[in-house]
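Notes for the one structure printed next.
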Amino acid sequence: MKIDKPSIPKGTRDFGPEKMLKRQFILNTIRAVFEKYGFQPLETPAMENLSVLTGKYGAEGDQLLYKILNSGDFLSKVKEDDLQGGYKNLAPKIAEKGLRYDLTVPFARYVVMNQHDITFPFKRYQIQPVWRADRPQKGRYREFYQCDADVVGTDSLICESEIILMINEVMHNLGIHDFSIKLNNRKILTAITDLVGAHGKEAQFCVAIDKLDKIGRQKVEEELSNNGFSDDSIKKLAPVFEIQGTNAEKLSQLEKLFENSEEGKVGYAELRQVFDFLNNFGEGQYNVELDLTLARGLSYYTGIILEVRANNSSIKSSITGGGRYDNLTGVFGLSGVSGVGFSFGVDRIYDVMEDLDIFPKEYESSTKVLLLHFDENSLNASIKALAQLRAADIKSEVYPDAVKIKKQMNYANKKGVPFVLMIGEDEIKEGKYQLKNMKSGEQQKLSMEEIILHLSA
RNA sequence: GUGGUUGUAGUUCAGUUGGUUAGAACGCCUGGUUGUGGUCCAGGAGGUCGCCGGUUCGAGCCCGGUCUCCCACCCCA
């Protein structure tokens, strides 16, 4: 029998212990902040019925859905005609389930199914993997985690303000201090397209303007021109590109710009309200910047949108994003439920933190102390000590095999265990054990009480 | 989905116009040191040269296909 070299699917990854400890630090930090702001956990299945997923992400999104082949004789119901109709026609006949593409649509599905049990406003967070049949690239995978928090059943802009507070808290707890939150409003983007006489071309406008910082104004104007924007429209966009100053200054320019636009006025008022709430929450700097060129791809956003980037990192892509969607549950037959949510990109946050080298050291190992043993008596004493250490909630382990001290030491060294405890003949007699700091190399004889005190710090 | 690129030891990479038994560094294992790791010294293990086929007396090297990796675009976290 031929043994194949093992491999994992394209665009997927294993997370070894070292990476997991770091990822857990990120996830625990995010989870703690979510809960601090009153969000409750939710998990949904990895697979959804395909009918729940299709049509929610646009034509391109449907292509990126992973479909699950029906079990058993999946061809039994397929007729000759179905085969002639091509794969798009055939797929729904042989695959009724698919892997979730994001966490927002399954959440919407959950809200609709449980609408009579849920007390609104409903605040939930969800940390689970999602799957996309995209072509992998740097920072882009076919399986990756999302950390979403959403509020549904209220249109209060307190939610938007609190999202900004939460982002600030998470970033600071992670040690990412130099970052910027960009804020905009889809209503303003719609108002602008109307204002320049390109009514209904909002989608093309968003896609193009979103690239401004990447490809520059000229290329954006070219793209708009290629997508049916008249020269006159593009000329009228000038004030949008040129709006500048502090957030307050930008706001007052916006107010003027939208004198005759109902939608623009609403968009402006919403932004103003968010900034007012933020001021009430405290005088702190929230790293928020009003940016009219922020658009975000997902089409379901209808209100305020936001995006976060780390400033001094080589990772330029956004690490967090979100916004308000007025009618997400509408496609499942429940209308009038407004929601606002955002999502942390764990993989990108990981890359940024690795890039900046800011992972805290205590996450390099989970074990605090390794107990070394020399012979049977030593092992028995170590086991007793181990029980005491664990009773004191100190992460500790004993090397399972009777091997040389050198090897046991090496194990501690490689694993990044900061302390080793040596219990030999002399130590047992004396009732004091050798505690060695692996980093400094120092060691001292201490009683069990002293050791526990020392390691608890 | 479109275009380009890469593939040799666990890892990073050498490998001459095609020529005997494919190398280095790091890592790993053993010993020097039977109670002291991270330094040093000595020794050792480890390869279907991505895979399939073709050209050739002979292929890691040339040709075709395929898979994979990475990059750009599209889109996105």
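Values below: all heavy atoms of this structure, side chains included; hydrogens, waters and symmetry mates excluded. These numbers come from a predicted model, not from an experiment. Within every chain, numbering begins at 1; the chains are lettered A, B, ... in the order of the sequence lines, protein sequences first and strands thereafter.
The distance from atom NZ of A:Lys56 to atom C1' of B:C75 is 20 Å, rounded to the nearest whole Å. Regarding A:Lys10, its NZ atom lies at a distance of 16 Å from the P atom of B:U6, rounded to whole Å. In this entry the distance linking CZ of A:Arg100 with P of B:A77 reads 16 Å, nearest Å. Nucleotide B:C76 holds its C1' atom 10 Å from the CD atom of A:Glu307, rounded to whole Å. As rounded to whole Å, 16 Å separates atom P of B:U11 from atom CD of A:Glu18. Computed from coordinates, the A:Tyr301 OH to B:C76 P distance equals 11 Å when rounded to whole Å. The interatomic distance linking A:Asp134 (CG) with B:A72 (P) rounds to 13 Å, in whole Å. What separates CD of A:Gln408 from C1' of B:G37 is a distance of 11 Å, to the nearest Å.
A sub-4.0 Å separation between OP1 or OP2 of B:C29 and a side-chain N or O of A:Lys407 is absent. When the side-chain nitrogen and oxygen atoms of A:Gln137 are compared with OP1 and OP2 of B:A72, one or more of them lie within a distance under 4.0 Å. Look at A:Lys211 and you'll find a side-chain N or O under 4.0 angstrom from OP1 or OP2 of B:C75.
At the heavy-atom level, A:Gly441 lies under 4.0 Å from base atoms of the strands shown. Across all strands shown, A:Ser318 has heavy atoms under 4.0 Å from sugar-phosphate atoms exclusively, and none from any base. Heavy atoms of A:Val346 sit nowhere under 4.0 angstrom from any nucleic acid atom.
Residues A:Asp347 and A:Pro136 both approach RNA chain B. Their nearest nucleotides, taken by heavy-atom distance, put A:Pro136 toward the 5′ side. Nearer the 5' end of RNA chain B, as judged by each residue's closest nucleotide, is the contact made by A:Gly11, out of A:Asp210 and A:Gly11.
Separation of the A:Phe34 and A:Tyr125 ring centroids falls under the 6.0 Å cut-off. Outside the 6.0 Å centre-distance limit, the rings of A:Tyr145 and A:Phe344 are not counted as a close aromatic pair.
Using a 4.0 Å cut-off between a side-chain N of Lys or Arg and a carboxylate O of Asp or Glu, A:Glu270 and A:Arg324 do not qualify as a salt bridge. Taking a cutoff of 4.0 Å between a charged side-chain nitrogen and a carboxylate oxygen, A:Glu397 and A:Lys415 qualify as a salt bridge. Ion pairing between a basic and an acidic side chain is recognised when a charged N comes within 4.0 Å of a carboxylate O; A:Asp401 and A:Lys407 show no such pairing.
One donor-acceptor pair, N or O on each side, does fall under 3.5 Å between the base of B:C75 and the side chain of A:Arg140.
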Could you run down the sub-3.5 Å N/O contacts of the protein with nucleotides 32-36 of chain B?
residue : atom : partner  : partner atom : Å
B:G35   : O6   : A:Glu425 : N            : 3.3
B:G35   : O6   : A:Glu427 : OE1          : 3.3
B:G35   : N1   : A:Glu427 : OE1          : 3.0
B:G35   : N1   : A:Glu427 : OE2          : 3.1
B:G35   : N2   : A:Glu427 : OE2          : 2.8
B:U36   : O2   : A:Lys436 : NZ           : 2.6
B:U36   : O2   : A:Gln443 : OE1          : 3.3
B:U36   : N3   : A:Gln443 : OE1          : 2.9
B:U36   : N3   : A:Gln443 : NE2          : 3.3
B:U36   : O4   : A:Gln443 : NE2          : 2.9

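For the residue pair A:Asn184/A:Tyr301, the side-chain donor-acceptor check at 3.5 Å is not satisfied. A:Ser338 and A:Asp155 are not linked by any side-chain donor-acceptor pair at a separation below 3.5 angstrom, with hydrogens and angles left out of the test. Counted by atom type alone, A:Ser180 and A:Asn287 present zero donor-acceptor pairs between their side chains at under 3.5 Å.
Nucleotides B:U56 and B:G18 place their C1' atoms 9 Å apart, quoted to the nearest Å. As rounded to the nearest Å, B:U11 and B:C73 have P atoms that lie 30 Å from one another. Distance check on atom C1': B:A72 versus B:A25 gives 33 Å, rounded to whole Å. Taking atom C1' on both nucleotides, B:G44 is separated from B:A59 by 31 Å, rounded to a whole Å. Rounded to a whole angstrom, the distance from the C1' atom of B:U55 to that of B:C62 is 8 Å. Separating the P atom of B:G15 from that of B:G50 is a span of 15 Å, rounded to the nearest Å. On the C1' atoms, B:A45 is 16 Å away from B:C26, given to the nearest whole Å. Atom name P, nucleotides B:G27 and B:U66: the rounded distance is 41 Å, in whole Å.
Comparing atom distances between the A:Lys414 side chain and each of B:C28, B:C74, B:A77 picks out B:C28 as nearest. In this structure, the nucleotide among B:G37, B:G1, B:A77 sitting nearest to the side chain of A:Asn410 is B:G37. Closest approach to the A:Asn413 side chain among B:G38, B:A77, B:G1 is made by B:G38 (side chain taken as heavy atoms from C-beta onward). Looking at the side chain of A:Tyr141, the nearest of the listed nucleotides B:A72, B:A77, B:C69 is B:A77.
In this structure, A:Arg132 forms no cation-pi arrangement with A:Tyr57, as its terminal cationic atom is not both closer than 6.0 Å to the ring centre and no more than 45° off the ring axis.
Taking each heavy atom of A:His373 and A:Ala402 in turn, the nearest pair found is CE1-CA, 4.0 Å.
Helical stems in RNA chain B, defined as runs of 3 or more consecutive Watson-Crick or G-U wobble pairs with both donor-acceptor distances under 3.5 Å, are listed by first residue as B:1-4 with B:70-73, B:10-13 with B:23-26, B:28-32 with B:40-44, B:50-54 with B:62-66.
Considering A:Glu450, A:Glu430, A:Gln434 as possible partners of A:Lys445, the one that fulfils the side chain to side chain donor-acceptor pair (under 3.5 Å) test is A:Glu430.
In this pair, A:Phe179 and A:His172 present their aromatic rings perpendicular. The plane angle is above 60°, beyond the 30 to 60° band.
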